[in-house]
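Heads up: the structure comes next, in C-alpha cells.
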2 protein chains.
Amino acid sequence: MGTEVVSSGTLAEMCGCNPAQIRKDLAYFGDFGVRGVGYYVQELLFEIRNILGGDKRWRLGLVGVGNLGCALLKHGRGGDGQYNFVAAFDKKEKRVGLEIAGVCVQPLKAMNRAVEEKQVEIGVIAVKAAWAQEVADMLIRAGICGILNFSFARIESPGHVPVENVDFSAKFDKLCYQIKFKDYC
Amino acid sequence: MGTEVVSSGTLAEMCGCNPAQIRKDLAYFGDFGVRGVGYYVQELLFEIRNILGGDKRWRLGLVGVGNLGCALLKHGRGGDGQYNFVAAFDKKEKRVGLEIAGVCVQPLKAMNRAVEEKQVEIGVIAVKAAWAQEVADMLIRAGICGILNFSFARIESPGHVPVENVDFSAKFDKLCYQIKFKDYC
DNA sequence: TACTGTGAAATATTTCACAGCA
DNA sequence: TGCTGTGAAATATTTCACAGTA
C-alpha cells in the first residue's frame, strides 16, 4: 500500500492482538525492527518470505478434480506463483484428459511416474473422505514430501510426511458454538 | 463403530494428545465419564452434540456460486442435515436461475429479502477476495448471525457478528515451513 | 520523541499424580 | 483393577514495563 515503515502497534491492530506479541514473535526470528522507528515494510516482507522458505517455488500435485479440485487449480493461491500445480489425478475416466488451468488430468495409476517425472513435492487431496487415506498412502509411496488434505477425513501418515488438514467441517461447529454461546442469534 | 465405552487413553491416541487433556477438556463441560469405566460413547456423543448447540439445524446462505461454492452446496458437510443451504447468490447474470443441489441461485440484490424470508442464519462467503468485505457488509446488513469466510480476504465485522475464516492460504505456508524446517524434502 | 527488544510478571494451558468410585 | 475428576506442578504463552537507540 506504499507504506514504508510500520510499527508493531499498527500490525497488532491489523492482527487483532497486542503490540508486544508482534514484537516477541518477530524478534524470535531475528532483529528486524529499528528502535524508535519501526519495521521497514520491504525488509520485513523479505525476512518473512525467508522464514517461510525464501523464493522456493513448490510443485503441487492435485488428487481429485471435482468442484473443489477445480477451484484449487484455477484460483489456487493468489497467483504469486509460489505454489504451482504441475499434475492432477482423478479416478473418474471421463475426467482423465481434461486440461484445467494448464494442467492435464491423469489417471491414478499414472501417479508414481508423474510424481517422479514432474518432481511433485506436495500432494493436495481433494477427494471424498472415504478415499482420502488410500490416496494419501499412494502419494506417500510415490515419494511426496507433504500433504495438504481438503477432505473431511483425518489422515494417518508416517512421521516424516507432514500433513495439514484444511478442516472446514470443524469451522462450522466453531462458528455455531460462538453464536450460541454469546447468544448472538 | 459399535464400541460402547471408550477411555480417555483411547481418545487421546486418536487425537494425538495426552489422556489428561481429554479428561480436563470434557470435565470442563460436565461429568460425562464413569470412574473405573470410561465414557459411554452414545452418552458422550449426546453431550458433545449438546455443547455444540443440540439438534439445532442451521440455515445457510451461500454467496458466490463458483467452483468452490458449488463444492460446498453439493458436499457441504457430510449430509448429517445439521447445516443446510437454503439460499445462494451470485453476481454473474448467467449463474442466476441455476438450481444446484436443490438451491436456486439468486441475484445479489435479492439478498435482503431472501435472508429474511428464508430465515438465513449463517452467511457463507465463497467469492474472490476483492469482493469479500462488500459481501460481508451486505450479509450483516441483511441480518445474518455469523459468517464463514472462504475467501483469502480478512473480514472486518462489528463485534456482534462472529466470523470464521477458512484460511487455507496460510495452511500452504505452514506445511512448507514444516517441510523446510524439519528438512523433510 | 517514538519506537524496538527483552527480562520479569502475569496468565493460560498441559501434564502429573493420586483420591475416589464402579 | 482400571478408570475418571481434579488439585498441584510443570510448561508455555502473553503482556507489562522499561532500558536502549535512531
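Just so we're on the same page: letters track the sequence lines, and every chain starts at 1.
Sequence order on DNA chain C of the closest nucleotides to A:Ser8 and B:Ala20 puts A:Ser8 first from the 5' end. For the pair A:Lys24 and B:Tyr40, nearest-nucleotide mapping onto DNA chain C gives the more 5' position to A:Lys24. Along DNA chain D, the nucleotide nearest A:Val37 and the nucleotide nearest B:Gly38 are compared for position; the residue whose nucleotide lies closer to the 5' end is B:Gly38.
A ring-centre distance under 6.0 Å is not found for A:Tyr39 and A:Phe32.
Heavy atoms from other residues, nucleotides or ligands lying under 6.0 Å from CZ of A:Phe46 number 12 at most.
What separates CD of B:Glu13 from P of D:dC3 is a distance of 13 Å, to the nearest Å. The distance between atom CZ of B:Arg23 and atom P of C:dC21, rounded to the nearest whole Å, is 16 Å. In this structure, the CD1 atom of A:Ile22 is 15 Å from the C1' atom of D:dT13, given to the nearest Å. The CG atom of B:Asp31 sits 12 Å away from the P atom of C:dC21 (whole-angstrom rounding). Rounded to whole Å, atom C1' of C:dT6 lies 17 Å from atom CZ of A:Phe29.
Residue side chain A:Arg35 reaches the base of C:dT4 through a donor-acceptor N/O pair under 3.5 Å, judged by distance alone.
The side chain of B:Asn18 sits closest to C:dT15 out of D:dT15, C:dT15, C:dT4. Set against C:dT4, D:dA22, C:dT6, the side chain of A:Ala27 has C:dT6 as its closest nucleotide.
Sorted pairs that involve residues 87-130 of chain B and meet ring-ring contact (aromatic ring centres under 6.0 Å, His included), not counting sequence neighbours, are lacking altogether.
Checking the phosphate oxygens (OP1, OP2) of C:dT13, no side-chain nitrogen or oxygen of B:Gln21 falls inside 4.0 Å. When the side-chain nitrogen and oxygen atoms of A:Tyr39 are compared with OP1 and OP2 of C:dA2, none of them lie within a distance under 4.0 Å.
Nucleic acid contact class of B:Gly36 (heavy atoms, under 4.0 Å, all strands): base.
For the side-chain contact (heavy atoms from CB on, under 4.5 Å) with B:Asn165, the lone residue among B:Leu148, B:Ile125, B:Asn149 that qualifies is B:Asn149.
A:Tyr40 and A:Leu26 fall into different hydrophobic clusters, defined by Ile, Leu, Val, Met, Phe, Trp and Tyr side-chain heavy atoms under 4.5 Å apart, directly or through other members.
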